[in-house]
Amino acid sequence: MSRPELTGHASLFYNNKEARKYDSSSRMIGVQREITERAIELLRLDSSKPSFVLDVGCGSGLSGKVLEEHGHVWVGCDVSRDMLEVANERIVRKRLDAQNYALQSQSNGGQIIDNEMKENSDDDNDDDDKEEEGEKEASGGDLMHHDMGTGLPFRAA
């Protein structure tokens with residue numbers, strides 16, 4: 001199998017079909033999780049103190065998902081609009097789930113019913129069990145479409 005970066009520009013290879021295939025591949029999910037957890041370790045990011053992380057080449061947001069699980073906030077940029085669309089769908093879905101969870105909690109007089117959140121969750125592990133009841137949060141991710149070859153639109157504060 002040839003490497004996508006050798007066949008042409010990433011935005012051409014990672015079309016809608018390939019972006020969704022990448023995002024649902026158990027192999028890629030595992031690789032991204034492992035790499036992100038190693039980066040968190042190397043950067044010494046403390047889960048008890050949220051960090052703001054720039055994810056260059058964020059793709060479908062698999063790394064961002066892991067960052068969120070560790071309590072961090074992230075912004076991702078990528079050259080593939082289709083990969084960003086998949087990432088955005090995950091972010092929107094998580095925000096809606098968090099809103100539904102809050103509304104459900106309020107309508108039940110503070111009693112939290114977690115069945116729907118677990119059914120709608122796209123997490124592949126049981127890290128949600130670590131969260132206390134009532135601590136469901138919306139996604140900490142944000143996205144931008146940008147080609148790193150032209151630099152990023154950030155200025156020093």
Side-chain angles (χ1 to χ4, degrees), residues 1-102 117-131 135-157:
M1 177 163 123
S2 83
R3 297 175 61 167
E5 61 271 21
L6 300 177
T7 62
H9 196 267
S11 64
L12 300 175
F13 179 79
Y14 288 111
N15 57 29
N16 188 23
K17 178 184 173 189
E18 291 297 324
R20 292 188 187 287
K21 188 165 71 171
Y22 181 94
D23 190 63
S24 63
S25 164
S26 59
R27 179 179 166 275
M28 292 315 303
I29 292 168
V31 167
Q32 287 294 327
R33 174 169 295 284
E34 188 177 318
I35 290 171
T36 306
E37 288 176 344
R38 180 66 175 138
I40 290 169
E41 180 184 329
L42 290 171
L43 293 169
R44 297 182 180 156
L45 301 181
D46 184 358
S47 290
S48 66
K49 188 172 79 176
S51 296
F52 184 72
V53 179
L54 172 62
D55 185 354
V56 177
C58 69
S60 66
L62 293 173
S63 299
K65 179 178 166 186
V66 177
L67 288 167
E68 290 172 20
E69 290 169 2
H70 287 268
H72 304 295
V73 179
W74 63 284
V75 64
C77 66
D78 203 281
V79 298
S80 170
R81 287 188 189 275
D82 290 307
M83 289 291 265
L84 290 172
E85 181 59 35
V86 171
N88 191 53
E89 288 170 6
R90 175 182 292 110
I91 290 170
V92 168
R93 192 169 48 248
K94 187 168 182 177
R95 287 179 181 160
L96 289 173
D97 284 349
Q99 288 172 354
N100 289 338
Y101 184 81
M117 282 294 290
K118 286 183 180 176
E119 289 172 11
N120 292 336
S121 175
D122 61 353
D123 289 340
D124 296 330
N125 59 37
D126 294 328
D127 286 346
D128 284 340
D129 295 341
K130 292 189 279 187
E131 294 184 20
E135 289 185 4
K136 303 284 183 186
E137 294 183 9
S139 172
D142 206 356
L143 305 166
M144 70 176 123
H145 179 249
H146 200 76
D147 187 341
M148 287 302 299
T150 61
L152 279 175
F154 293 113
R155 290 182 287 166

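Here the structure is a predicted model, which means the values were calculated and not measured.
Under the rule for a side-chain hydrogen bond (donor to acceptor under 3.5 Å, both in side chains), Ser80 has no partner lying at least two apart in sequence or in another chain. Qualifying side-chain hydrogen bond (donor to acceptor under 3.5 Å, both in side chains) partners for Glu89, counting only residues two or more places apart in sequence or in other chains: Arg20. For Glu85, the salt bridge (charged side-chain N to carboxylate O under 4.0 Å, His left out) test picks out no residue, with sequence neighbours left out. Applying the salt bridge (charged side-chain N to carboxylate O under 4.0 Å, His left out) rule to Asp23 yields the partners Arg90; only residues at least two apart in sequence or on another chain are considered. Asn88 pairs by the side-chain contact (heavy atoms from CB on, under 4.5 Å) definition with Val92, Leu143, not counting sequence neighbours. Checked against side-chain hydrogen bond (donor to acceptor under 3.5 Å, both in side chains), Asp55 has no partners two or more places apart in sequence or in another chain.
The backbone N or O of Val79 lies less than 3.5 Å from a partner atom in the side chain of His145, making a donor-acceptor pair. Side-chain N or O atoms of His70 include none that pairs as donor or acceptor with a backbone N or O of Ser47 at under 3.5 Å.
Contact check for Leu45 versus Val53: side-chain heavy atoms found under the 4.5 Å cut-off. Here the side chains of Cys58 and Leu84 are in contact, with some heavy-atom distance below 4.5 Å.
Note that CD1 of Ile35 and CZ of Arg38 are 11.5 Å apart. Values are rounded to the nearest 0.5 Å.
With Ser63 as the partner, the side chain to side chain donor-acceptor pair (under 3.5 Å) test is satisfied by one option alone out of Arg33, Glu37, Gln32: Gln32.
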